[in-house]
Amino acid sequence: MKENLAKTYDPKEFEDRIYRMWEESGAFRAERDPEKKPFTIVMPPPNITGQLHMGHALDQTLQDVLTRYKRLQGYSALWLPGSDHASIATEVKVVDRIREEGLEKEDLGREEFLKRAWQWKEEFGGKITRQCRKLGDSCDWDRERFTMDEGCNRAVNHFFVQLYEKGLIYRGNRLINWCPKCGTSLSDAEVEHEDKNGFYWYFRYPGADGGEGIVVATSRPETMFGDVAVAVSPDDERYTDMIGKKVVLPIVGREIPVIADPYPDPEKGTGAVKITPAHDENDFQVGQRHDLENLCCINEDATMNHVAGKYEGLDRYECRKAWVKELEEEGYLVKTEEMVIPTGECYRCHTVVEPMLSDQWFVKMKPLAEPALEAARDGRLTHVPERFEKTYVRWLEEIRDWCISRQLWWGHRIPAYYCDECGEITVSEETPTKCSKCGSEKIRQDEDVLDTWFSSGLWPFSTLGWPDETEDLKYFYPTDVLVTGYDIIFFWVVRMVFSALETTGQVPFKDVYVHGLVRDEQGRKMSKSLGNGIDPLEVIEQYGADALRFMLTTGITPGNDMRFKKDRLESSRNFANKLWNASRFVIMNLEDEMPEKVDPSLWKDEDKWIISRINDAVKYVTEAMDKYDLSLAGQRVYDLIWNEYCDWYIEIVKERLYGDDAQDKKTAQYVLISSLRQMLTLLHPFMPFITEEIWSHIAEKAVDEKDPDTFLIRASWPEYDEGLRFPEEVNCLQMAMDITRSIRNIRAEAEAPAGKKLRSIILSDEDKMEIAKSGERYVKTLANLSGLQFTSTKGDVPEEVMSAVIDGAEIFVPLDDLMDYEAELARLRKEKKRLEGEVRRVDGKLSNQGFMSKAPEKLINEEKEKKVMYEEMLSKVCLRLDQVEKKIGG
RNA sequence: GAUCCAUUAGCUCAGUUGGGAGAGCGUCUGGGUGACAACCAGAAGGUCAUUGGUUCAAGUCCAAUAUGGGUCACCA
């Protein structure tokens, strides 16, 4: 006898073992097989600082489902894993760590600090990837990459130099977003905008000529020290005569000009704007137009500098408080107004960002954005769901130059070298030994590192060997689909696309599959600060990885958030349990040998029915998977296994398994097991562990732990087969199931015990008699009958019965002393009402001239048939109702 | 301010070329039946947010409104 599965479903017992078997046998390895088509996904690299959270679990499960599906379909499927150095995030962690030793990073020096950072990476960097294995991720671990490994470093330098030489990277002194806490510049995308309650303070700037001067409003009085002008609209009549005159900066005493510029809106505030070019983007532009000085009054740590006079050294907000007080005491404050102030915050530490004038490196975006837009417009790049293309397009259309230098140590150091002699900047992939212009050896490398996203942007091809024309790059690139959350479309997706188009000339992936966030049971975002995060590893410990995976990939829609519900987790686990038990049943009913293939001529109706149902499901599931409708695909497999295979097929087939007909028994065994194999394959992408475990007990060719080709993970995805449609047998089973349900229904309503054998009479229409009778043996067992009689004459039906009507037949159950006419009456009335409704609906359609003239003929015929059917059923119900009413009356 | 999403059974959500409203959980009624109580057999429960439009036909397409949520935006 074949060894059976354990008595109870216990995922802990086999999940790790199965994973080890896959990994050690090389089942995940993707070969460059010219016979196969490639399928590639690169994993969005998790930060080395992070822990695996539910967001990763969702993101990765989706990728794994797709990868496993394609692998089963015979593709050479590569899912390439890796992790991201996460410049700012990691640096902050390492700084915190050395601070525990009472040290600042400056105390260590750059070299020693980087050593510590690498130590951190070694220590924690592998954590997430180890955790991925628990989820069942079928990544090719031999190809695992890190954004700061040698190859990626080379790609980054190469890309930087390429852009620089094309004039797409430049160094400039411009206004950038500065995070005072992280001590670095940020890109626009790294600044989060938030509305905060604050004030407008209205201050009078007196005229230098002793006149009234001008009143300006500001939400940031501390920047007044950096004011270099007051701007008014040239069309603002209130201020026409002020233009060209000077006003005095209160208390400071410095005289500044009143200038005319289109920027001020006469409708807003007082119509006059103080201009602080060093601390505001708009003011900066005004300053450029009027050739004004950029007077900086705030330090990098957000304290005031010497320009603020006695406030030097004070924090910007402390200064604000004291300064407003002083201005008020001196009579310059005209009024204060409560106001909602939009502020920018650092996306890492949420410190209010300070716009600062600074020397930084920038990427010129317009020339890069255009091809990326084109790729979306002409369909080389598609978004799932489609609507995210708008997000993508709008961001690219409004894009500004990208500040890529960061004042940090952990990251890719900018490959630019300054000559101390002549000031020349040498940009080079290889570390130069001397200045490219004057030949001096006194050169030093730029201190800054690059934005993390600069290297992430190269991920889909740097991981495959670019800039070298490697075999991997040729075979696996461009990748097929990128799976990611909508929250990083801007940060990441967009940058990968333009970087790829610029370097490889191809889109980095054809499709972008966008998923939502996993929220908690109340619908809140899971976050560290709320402490409402659910640890995927704990869930796996309790319910198994398969249950988690199934729960995450079904019952959701692409692009929409999902709520983490324990209910659904339990229901997924129950489904696994159901499959486990069904498989146990199948195995326990096998002989010593695996059943051999039987000739289709031996198939019974129910065999053809389940084969046909599976065949239909294969078509449906394959189409859904191809459209990324994983949820619908998973749901369909669930229904197939539970509601068709378990609920009906297994129940029907039991009689044959316990019977004496040896050949028929073998047929049943074969169909049972071959159906199961197909269903396991369909389910495998979603629930890889349990399906692989069961497979190892029922595979046609024995599983060899060393040979991945014998595993389910490398089996063949079933294909839809026109030859496996059996409409007649499907109809027969359908009718048998309808009759069975009717009888069960009657039994329940009459409160007859399930164990009690009943008799039933089926009064069938002539044309349906054959088909009804062909289902006799199913109905007898499934409805637990002692006798079943078919007739076409009404007279054969006894009077004391309960009844039900289905298409083509009436079902009667004589209940003798169990007879409950009240229940029967109630049920018949309900049925009558329902049928009347149906007839009304169909009549409505058929008497509608528009419908009759415009609807497709096929549909009209269907409706006509329905009309006949419903009317027949109704008349039967009415007749029966009459009888019962008389009975009760008499 | 611009834009996107959501609104379907008590709860959480599916519903993909417009053509008879579904699942899981919960509730109610039966059930220890030779895989499964993490189960089986039944049942109740919905003017698909509102209004208008297109269509023979709308949960599904279009337009407005309401409520909730998200994203983007240089407003002193």
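The A:I650 side chain lies nearest to B:A35 when the options are B:U16, B:A35, B:C13. When each of B:A23, B:A35, B:G19 is scored by its nearest atom to the side-chain atoms of A:Q635, the top-ranked nucleotide is B:A23. Checking B:A14, B:C25, B:A38 against the side-chain heavy atoms of A:D567 singles out B:C25 as nearest. Closest contact between the side chain of A:K390 and the listed nucleotides B:C4, B:A35, B:G42 involves B:C4. The side chain of A:M588 sits closest to B:A35 out of B:G42, B:A35, B:U12. Nearest to the side chain of A:S571, among B:G24, B:U71, B:A14, sits B:G24. In this structure, of B:A38, B:A6, B:U16, it is B:A38 that holds the atom nearest to the side chain of A:N574. The side chain of A:F490 lies closest to B:C72, out of B:C5, B:G34, B:C72. The listed nucleotides are B:A23, B:G15, B:G42; the one nearest the side chain of A:R744 is B:G42. Distances were taken from every side-chain heavy atom of A:D647 (C-beta onward) to each of B:A38, B:A73, B:C40; the shortest belongs to B:C40.
Look at A:E354 and A:R220 and you find a salt bridge, because one of the NZ, NE, NH1 or NH2 atoms lies within 4.0 Å of a carboxylate O, short of that distance. Looking at A:K866 and A:E863, a side-chain N of the basic residue comes within less than 4.0 Å of a carboxylate O on the acidic one, giving a salt bridge. In summary, A:R394 and A:E397 do not engage in a salt bridge, as defined by a charged side-chain N under 4.0 Å from a carboxylate O. Between A:K867 and A:E871, at least one side-chain N (NZ, or NE/NH1/NH2) sits under 4.0 Å from a carboxylate O, which counts as a salt bridge. Taking a cutoff of 4.0 Å between a charged side-chain nitrogen and a carboxylate oxygen, A:R636 and A:E623 do not qualify as a salt bridge.
Note: A:Y638 and A:F686 fail the aromatic proximity criterion, with ring centroids not under 6.0 Å apart.
Only the C1' atoms considered, B:G52 is 26 Å distant from B:U16, to the nearest whole Å. Between B:C39 and B:A58, the distance separating the two C1' atoms is 41 Å to the nearest Å. Using atom C1' as the reference point in both B:U60 and B:U54, the two lie 14 Å apart (nearest Å). Across B:A41 and B:C4, the matching C1' atoms stand 46 Å from one another, rounded to whole Å. Rounded to whole Å, the P atom of B:U12 lies 27 Å from the corresponding atom of B:G19. Comparing the same atom, C1', in B:C74 and in B:A14 gives a spacing of 43 Å after rounding to whole Å.
Counting any heavy atom pair closer than 4.0 Å across all strands shown, A:Y638 reaches sugar-phosphate atoms only and no base atom. Residue-level contact check: A:R747 touches neither bases nor backbone, having no heavy atom under 4.0 Å from any strand. Using a 4.0 Å heavy-atom criterion, one finds that A:T557 contacts the sugar-phosphate atoms exclusively. Within 4.0 Å (heavy atoms only), A:D629 reaches at least one base atom of the nucleic acid. Here A:K525 lies out of heavy-atom contact (under 4.0 Å) with every strand. Within 4.0 Å (heavy atoms only), A:R573 reaches at least one base atom of the nucleic acid. Contacts of A:G269 with the nucleic acid, taken as non-hydrogen atoms under 4.0 Å apart, include base atoms. Residue A:L632 is in base contact, counting any heavy-atom pair closer than 4.0 Å across all strands shown. Nucleic acid contact class of A:Y9 (heavy atoms, under 4.0 Å, all strands): base. Within the 4.0 angstrom heavy-atom criterion, base atoms lie near A:D265. A:N282 comes within 4.0 angstrom of a nucleotide base, judged by non-hydrogen atoms across all strands. Using a 4.0 Å heavy-atom criterion, one finds that A:P342 contacts the sugar-phosphate atoms exclusively. Nucleic acid contact class of A:S631 (heavy atoms, under 4.0 Å, all strands): none. Among the atoms of the strands shown, only primed sugar atoms or phosphate atoms (P, OP1, OP2) are found under 4.0 Å from some heavy atom of A:W642.
Aromatic ring pairs are classed by plane angle as parallel below 30°, tilted from 30° to 60° and perpendicular above 60°; the pair A:Y202 and A:Y200 is perpendicular. By the 30° and 60° cut-offs, the orientation of the rings of A:F225 relative to A:W323 is tilted.
Straight-line distance from the CZ atom of A:F575 to the C1' atom of B:A23: 13 Å, rounded to whole Å. Here B:C40 presents its P atom at 13 Å from CH2 of A:W648, a figure rounded to the nearest Å. Protein atom CG of A:D195 is 12 Å distant from nucleotide atom P of B:U71, rounded to whole Å. Rounded to whole Å, atom C1' of B:C40 lies 20 Å from atom OH of A:Y649. Taking atom CG of residue A:N560 and atom C1' of nucleotide B:U7, one finds them 12 Å apart after rounding to whole Å.
Summary of the strand contacts: A:M869 and A:E521 both lie near RNA chain B, and taking for each the nucleotide with the nearest heavy atom, the more 5' one is attributed to A:E521. If you find the closest nucleotide of RNA chain B to A:E651 and to A:T391, the one lying nearer the 5' end belongs to A:E651.
At a cut-off of 3.5 angstrom, the base of B:A2 holds no donor-acceptor pair with the side chain of A:E398. Checked by distance alone, A:K578 brings a side-chain donor or acceptor within 3.5 Å of a matching partner on the base of B:C36.
The pairing partner recorded for B:C25 is B:G10, the criterion being a Watson-Crick or G-U wobble arrangement whose two distances lie under 3.5 angstrom.
Between B:G24 and A:K566, no contact under 4.0 Å exists linking OP1 or OP2 to a side-chain N or O. The shortest distance between the side-chain N/O atoms of A:Y392 and the OP1/OP2 oxygens of B:C72 is not below 4.0 Å.
Around CG of A:D660, the count of heavy atoms belonging to other residues, nucleotides or ligands within 6.0 Å does not exceed 12.
Stacking is not found between A:F851 and the pyrimidine-like six-membered ring of the B:A57 base under the 5.5 Å centre-distance and 30° plane-angle cut-offs.
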